[in-house]
Structures are given as structure tokens and as C-alpha cells.
Amino acid sequence: MAKLAFIGTGVMGAPMAGHLAAAGHDVTVYNRTQAKALAWADKYGGKVADTPAAAVKDAEAVFACVGNDDDLAGVTLGEDGAFAAMRDDAVFVDHTTVSASIARRLAGKRALVVDAPVSGGQAGAENGKLSIMCGGSAEAMAKAEPFMQAYAARIVHVGEAGAGQTTKMCNQIAIAGVIQGVAESLRFAQNSGLDLDKVFEAISGGAAQSWQMVNRWPTMAKEEFDFGFAVDWMRKDLGLALDEARRNGAVLPVAALVDQFYADVQKMGGARQDTSALVRRLPK
């Protein structure tokens with residue numbers, strides 16, 4: 001059993017921290033909204049700290065899953081932040097989707113840092129089946145990976161600091177076009193008067209198959225959009241990718257277009273709906 005700290009007990013962080021507790025580790029959590037941390041402790045039996053610094057005291061490994069670059073900087077480098085209070089030999093694992101620049105900045109502050117954004121959504125976190133893409137040193141990975149196995153189906157060490165975040169950008173770029181394609185296909189089927197269940201049965205086992213089709217076609221057809229990963233977060237992620245593309249010279253016309261489509265969904269009141277709400281902007 002190891003002494004661990006987890007900063008951020010939201011939709012993703014809470015179940016991830018829960019898997020660590022279920023694996024027998026002594027987990028202390030911190031959340032900016034303390035009621036969420038207390039609810040986590042009631043469910044999983046861990047401890048709650050008032051500050052990030054208090055949470056990480058004597059921890060062998062510290063995990064974070066917060067909102068954005070500013071949130072991450074606040075809980076690590078801000079007043080009562082984790083970095084000033086961590087043991088020198090403790091590893092810091094960040095599961096937030098943030099910019100590659102802040103990942104590299106944090107790695108410059110401590111020897112053992114892993115940027116480890118995840119894919120798999122709320123269901124993946126709850127079921128312990130996340131895909132984790134990691135950047136950092138081999139030494140940091142060696143310390144972090146045994147703990148991450150508690151909630152991961154796949155862990156890939158992609159490269160040095162920042163590589164995990166840029167790989168997550170690749171993930172979101174790929175997803176954006178697929179969701180739009182599934183949305184257009186579904187609306188086309190509706191406007192053609194086809195039975196959506198039959199269309200799904202016919203095309204979901206062939207070359208058109210994707211995770212988005214298998215998992216979101218049926219729910220899109222029912223106008224159900226409450227599956228954890230919000231449009232607001234997808235726009236944040238696509239913004240990170242587009243910013244990085246401007247830096248590295250990549251051209252992302254589809255990602256840029258779908259980002260603007262998501263802006264339309266936000267204006268329609270879908271900011272907190274699942275990313276499959278993209279279909280709402282297509283007339284039927």
C-alpha cells in the first residue's frame with residue numbers, strides 16, 4: 001500500500017482516485033469545491049485535505065485531473081500548491097488535458113513528472129479502462145505506471161515531457177472529424193426516411209464502423225446527450241490543438257471547421273452536453 005494524493009475529484013478524477021483506493025492505497029484528495037471531495041471520501045473511504053499542499057504531504061505519488069492550464073498551474077505552483085510540499089522522490093502525474101507548454105514547464109520544475117492525458121471518457125474512468133498517453137522520463141514512468149494500471153486498459157509512453165499532451169491533441173483531432181461524419185450520416189438517413197436502427201445494423205459492422213458510431217449513433221438518434229465529456233471541453237481541447245498547429249506548421253482544416261460547428265452548438269445551449277450534440281446543428 002502506498003500513500004497517494006489525488007487533486008481534482010470531478011467526473012474523471014473521482015473514479016480514477018476511487019480505483020486507487022480500491023487497489024488498497026491510502027489516498028488523500030483535494031478539490032476546489034470541497035463538497036465534491038467530501039462526497040468522494042464518503043464513497044471510497046479516503047481522506048480530504050484543505051489545500052493541495054496538505055494533500056501531498058508524504059505522498060509517494062501525486063495525481064491531478066483539473067480543468068485547464070491555469071487550474072493546473074494553481075494547484076501545482078500557486079499558493080499552497082503541491083510542488084513546494086512534495087517529497088523530492090515523489091512522482092507527479094497530470095491527467096488533465098492541457099497545453100504541451102505547461103507540461104514542459106512543470107517537468108522543468110521537478111525531476112519526476114509525467115503528462116498523462118486520458119481517452120475513454122467518463123465510462124472509461126468508471127470502468128478502469130482508460131487509454132493513457134504519457135510524456136516524461138523513463139524514471140518517472142517507471143514510478144507512475146504501476147499506479148496508473150489501476151484505471152487503465154492501455155498505457156503508452158510516447159516520449160519526453162509534452163509528448164503525452166500532443167498525442168492527446170492527435171486523439172481529439174481524429175475524433176472531431178469522425179463525430180461530424182456520424183452526425184451527417186444519421187441526419188441523411190433521417191431525411192431519407194430510413195429506419196435508423198436498420199441503417200445502424202447495416203453500416204456499423206463494415207468500413208464505416210468507429211467507436212463514435214457504435215456508441216453514439218443510437219444515442220444521437222434518441223437526442224440523448226448526457227455522457228460526461230462536454231462540448232465546452234472539446235472546444236478547449238481543439239483550441240489547444242489549433243494553437244499547437246500554428247506553432248508547428250500543421251494544417252488542420254477539418255478540426256478548425258468542426259471547432260466552429262461546436263461554437264454553434266454552444267450558442268444553441270449545448271455547452272454542457274456531450275460532444276455528440278454536434279448533430280443538433282444539422283436540420284432534419
Given a cutoff of under 4.5 Å between side-chain heavy atoms of I, L, V, M, F, W and Y, with clusters grown through shared members, what are the other residues clustered with Val251? none
Asp115 side chain to Gly162 main-chain N or O, any donor-acceptor pair under 3.5 Å? yes
Can you list everything that forms a side-chain contact (heavy atoms from CB on, under 4.5 Å) with Gln273? Sequence neighbours excluded, please. Phe225, Ala277, Arg280
Would you mind listing the cluster partners of Met133? Hydrophobic ones only (ILVMFWY), side-chain contacts under 4.5 Å, chaining allowed. Val156, Val158
With sequence neighbours excluded, what pairs up with Phe261 under the ring-ring contact (aromatic ring centres under 6.0 Å, His included) test? none
What I'd like to find out is whether the side chain of His157 reaches to under 4.5 Å of the side chain of Ile155, using heavy atoms alone. no
Are Val214 and Val182 in one and the same hydrophobic cluster, where Ile, Leu, Val, Met, Phe, Trp and Tyr link if side-chain heavy atoms are under 4.5 Å apart? no
Measuring only between side-chain heavy atoms, which start at C-beta, is Gln165 closer than 4.5 Å to Asp94? yes
Members other than Ile102 in its cluster, when Ile, Leu, Val, Met, Phe, Trp, Tyr link by side-chain heavy atoms under 4.5 Å? Ile7, Tyr30, Val56, Val62, Val66, Leu72, Val75, Leu77, Phe83, Met86, Phe92, Val98, Leu106, Val113
Donor-acceptor check, side chain of His19 to backbone of Ala125, threshold 3.5 angstrom: yes or no? yes
Shortest non-hydrogen pair, Ala152 vs Ile132, comes out as CB-CD1, 3.6 Å
Can you tell me how far OG of Ser185 sits from CZ of Phe200, rounded to the nearest 0.5 angstrom? 11.0 Å
Report whether Phe188 and Met220 are members of the same hydrophobic cluster (ILVMFWY, side-chain heavy atoms less than 4.5 Å apart, transitive linking). no
Does any pair with a residue in residues 11-37 pass salt bridge (charged side-chain N to carboxylate O under 4.0 Å, His left out), and if so which ones, sequence neighbours excluded? Asp26-Lys47, Arg32-Asp71
Greater than 12 external heavy atoms within 6.0 Å of Glu139's CD: no
dist Asp58:CG -> Arg87:CZ (nearest 0.5 Å) comes out at 7.0 Å
I'd like to know whether Val279 forms a side-chain contact (heavy atoms from CB on, under 4.5 Å) with Arg216, so could you lay out the CA-CA distance, the side-chain angles of the two residues, the decisive distance to 0.1 Å, and finally the verdict. CA-CA 10 Å; Val279 73; Arg216 292 292 172 261; over 6 Å; no
Treating Ile, Leu, Val, Met, Phe, Trp and Tyr as nodes and any side-chain heavy-atom pair under 4.5 angstrom as an edge, say whether Trp233 and Val231 lie in one connected cluster. yes
Are any of the side-chain heavy atoms of Glu201 and Asp197 separated by less than 4.5 Å? no
Residues at least two apart in sequence or cross-chain that pass side-chain contact (heavy atoms from CB on, under 4.5 Å) with Asp88, listed by chain then number, are none
Less than 4.5 Å apart, any side-chain heavy atom of Val254 and any of Gln180? no
If the condition is salt bridge (charged side-chain N to carboxylate O under 4.0 Å, His left out), which residues does Arg105 pass it with, not counting sequence neighbours? none
Do you know which two heavy atoms are closest between Ala2 and Glu60, and how far apart they sit? CB-OE1, 3.5 Å
Looking at Ala41 and Gly46, what are the two nearest heavy atoms and their distance? CB-O, 3.5 Å
Side chains of Leu20 and Phe6: closer than 4.5 Å at any heavy-atom pair? yes
Just so I know, are the side chains of Tyr151 and Pro15 near enough to count as touching, which here means a heavy-atom distance under 4.5 Å? no
Going from CG on Leu194 to CG on Leu196, what distance comes out if it is rounded to the nearest 0.5 angstrom? 7.5 Å
Salt bridge (charged side-chain N to carboxylate O under 4.0 Å, His left out) against Asp50, all qualifying residues, sequence neighbours excluded: none
Does the side chain of Phe229 reach to within under 4.5 Å of the side chain of Met234, using non-hydrogen atoms? yes
Mark yes when over 12 heavy atoms from residues, nucleotides or ligands other than Lys3 sit less than 6.0 Å from its NZ; otherwise mark no. yes
Gln266 and Arg235, any side-chain heavy atoms less than 4.5 Å apart: yes
Taking ring-ring contact (aromatic ring centres under 6.0 Å, His included) as the test, write out the residues that go with Tyr262, two or more places apart. none
Contact summary for Val48 and Ala37, nearest pair of heavy atoms: CG2-O, 3.4 Å
Separation of Gln209 CD from Ile203 CD1 (nearest 0.5 Å): 10.5 Å
Test side-chain contact (heavy atoms from CB on, under 4.5 Å) on Met12 and Leu130; report intermediate values, then the result. CA-CA 10 Å; Met12 299 294 289; Leu130 292 169; 3.9 Å; yes
Within this structure, what is the CG-CG distance for the pair Asp259 and Leu252, rounded to the nearest 0.5 Å? 10.5 Å
Look up atom NZ in Lys236 and atom OG1 in Thr96, then write down how far apart they are to the nearest 0.5 Å. 7.0 Å
Nearest heavy-atom pair of Ala230 and Thr275: which atoms, and what distance? O-CG2, 4.1 Å
So which atom in Asp80 and which in Pro52 form the shortest heavy-atom distance, rounded to 0.1 Å? O-CD, 3.3 Å
According to a hydrophobic-cluster definition based on side-chain heavy atoms being under 4.5 Å apart (Ile, Leu, Val, Met, Phe, Trp, Tyr only), do Val114 and Val27 belong together? yes
Residues Cys134, Met148; criterion side-chain contact (heavy atoms from CB on, under 4.5 Å); working and verdict: CA-CA 11 Å; Cys134 304; Met148 292 191 288; 3.9 Å; yes
Donor-acceptor contact present, side-chain Arg187 to main-chain Leu282, <3.5 Å: yes
Tell me if a side-chain donor or acceptor on Lys284 pairs with a main-chain N or O of Asn191 at a distance below 3.5 Å. no
Flag yes if more than 12 heavy atoms outside Glu79 fall under 6.0 Å of its CD atom; otherwise flag no. no
Could you pull out every donor-acceptor pair under 3.5 Å between side chains of residues 239-246 and any protein atom, sequence neighbours left out?
residue, atom, partner, partner atom, Å
Asp243, OD1, Arg246, NH2, 2.4
Glu244, OE2, Arg247, NE, 3.0
Glu244, OE2, Arg247, NH2, 2.7

Partners meeting ring-ring contact (aromatic ring centres under 6.0 Å, His included) with His25 (sequence neighbours left out): Phe147
Do Met268 and Leu278 share a hydrophobic cluster (ILVMFWY, side-chain heavy atoms under 4.5 Å, transitive)? no
